[in-house]
Asks: 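Can you read through this structure? Questions will come right after.
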Amino acid sequence: MAPATKIYKVTLDCAQATEDKIFDAAAFEKYVHDRFKVNGRTNNLGEAVKITRVGESKIVITSTVPYSKRYVKYLTKRFLKKYQLRDWLRVVASSKDAYQLRYFNVDQAAEGADEE
């Protein structure tokens, strides 16, 4: 009996930003596809890594090659920086195998203190 290959899966939910039309999920999918490294090389995805978009707001990265969830966060932050969205959006872990894009919370009390 052959050993079962482990499947690594990370989901990125960008529903809030996509609904507000501030984030383009298709462009992010292409960005990850072009920059994701397998065995230290880009454009080496082959059958090992699959990047799919579920609906308009979720991106799922599935792989048989081990990679860290942190690497997906790194690529997401680089994409946000490239499109100057890093000031408004942040990447938050919503579960063990999922990230979510959220807006920074602007504290109303802090704004009121500045006006006085």
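No hydrogens, no waters, no symmetry mates; every other heavy atom, side chains included, goes into these values. If you're wondering where the values come from, they're calculated on a predicted model, not measured in any experiment.
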Asks: Which pair of non-hydrogen atoms, one from H33 and one from L45, has the smallest distance, and what is that distance?
Replies: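 H33 and L45 have their closest heavy atoms at CD2-CD1, 3.4 Å.
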Asks: Among residues at least two apart in sequence or on other chains, which ones pass side chain to side chain contact (heavy atoms under 4.5 Å, CB included) with D13?
Replies: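 Once residues adjacent in sequence are excluded, the partners of D13 under the side chain to side chain contact (heavy atoms under 4.5 Å, CB included) criterion are A15, S57, K58, Q100.
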Asks: As an exercise, state the distance from CG of L89 to NZ of K81, rounded to the nearest 0.5 Å.
Replies: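 The CG atom of L89 sits 13.5 Å away from the NZ atom of K81.
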Asks: According to a hydrophobic-cluster definition based on side-chain heavy atoms being under 4.5 Å apart (Ile, Leu, Val, Met, Phe, Trp, Tyr only), do L101 and V60 belong together?
Replies: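 No, no single cluster joins them.
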Asks: On a heavy-atom basis, which atom in C14 and which in F23 lie closest, and how many Å separate them?
Replies: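 Closest heavy-atom pair between C14 and F23: SG-CE2, 3.5 Å.
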Asks: Knowing that exactly one of N43, V38, N44 qualifies, which makes a side-chain contact (heavy atoms from CB on, under 4.5 Å) with R41?
Replies: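 Among the candidates, only N44 passes.
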Asks: Working to the nearest 0.5 angstrom, can you tell me the gap between E29 CD and I51 CD1?
Replies: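 Reported to 0.5 Å precision, the distance equals 7.0 Å.
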Asks: Can you give me the closest heavy-atom contact between R90 and N105, atom names plus distance?
Replies: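 Scanning both residues, the minimum pair turns out to be NH2-ND2, 4.5 Å.
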Asks: Please state whether the rings of F28 and Y31 are parallel, tilted or perpendicular, taking 30° and 60° as the class boundaries.
Replies: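 Because their plane-to-plane angle is under 30°, the rings of F28 and Y31 count as parallel.
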Asks: Does a donor on one side chain sit under 3.5 Å from an acceptor on the other, for Y83 and D24?
Replies: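 No - no donor-acceptor pair under 3.5 Å links their side chains.
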Asks: With rounding to the nearest 0.5 angstrom, report the CH2 to CG distance, W88 to D20.
Replies: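 Here the rounded value is 13.0 Å.
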Asks: Minimum heavy-atom separation for V49 to S63, with atom names?
Replies: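 Where V49 meets S63 most closely, the heavy atoms are CG2-OG, 3.6 Å.
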Asks: Could you walk me through whether D34 and T42 satisfy the side-chain contact (heavy atoms from CB on, under 4.5 Å) test, starting with their C-alpha distance in whole Å, then the side-chain angles of each, then the deciding distance to 0.1 Å, before giving a yes or no?
Replies: CA-CA 7 Å; D34 293 343; T42 57; over 6 Å; no
Asks: Do T64 and Y8 have side chains that approach each other closer than 4.5 Å (heavy atoms only, starting at C-beta)?
Replies: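 With C-beta onward as the side chain, the pair stays apart.
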Asks: Name all residues meeting the side-chain hydrogen bond (donor to acceptor under 3.5 Å, both in side chains) criterion together with T52; count only those two or more places apart in sequence or in a different chain, and write none if there are none.
Replies: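 For T52, no residue satisfies side-chain hydrogen bond (donor to acceptor under 3.5 Å, both in side chains) once neighbours in sequence are set aside.
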Asks: Hey, what do you get for CD1 (I7) to NZ (K9), rounding to the nearest 0.5 Å?
Replies: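 Answer for the CD1-NZ pair, I7 versus K9, is 9.5 Å.
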Asks: Working note: V32 + L12, criterion side-chain contact (heavy atoms from CB on, under 4.5 Å); need CA distance, chi angles, decisive distance, verdict.
Replies: CA-CA 12 Å; V32 172; L12 180 76; over 6 Å; no
Asks: Mind listing the side-chain donor-acceptor pairs of residues 67-74 below 3.5 Å, one per line with the distance, residues two or more places apart or on another chain?
Replies:
residue: Y67; atom: OH; partner: I61; partner atom: O; Å: 2.9
residue: S68; atom: OG; partner: Y71; partner atom: N; Å: 3.2
residue: K69; atom: NZ; partner: S95; partner atom: O; Å: 2.9
residue: K69; atom: NZ; partner: K96; partner atom: O; Å: 3.2
residue: Y71; atom: OH; partner: R35; partner atom: O; Å: 3.2
residue: Y71; atom: OH; partner: K37; partner atom: N; Å: 3.2
residue: Y74; atom: OH; partner: R78; partner atom: NH1; Å: 3.1

Asks: Would a 4.5 Å heavy-atom cut-off, applied to side chains only, mark Y99 and V10 as touching?
Replies: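 Yes. Closest side-chain heavy atoms under 4.5 Å.
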Asks: Taking all atoms of both residues into account, what is the closest heavy-atom pair of D87 and F104, and its distance?
Replies: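 Smallest heavy-atom distance, with atoms named: O-CD1, 3.4 Å.
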Asks: Under a 4.5 Å cut-off applied to non-hydrogen side-chain atoms, are V54 and I59 in contact?
Replies: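 Side-chain contact under 4.5 Å: no.
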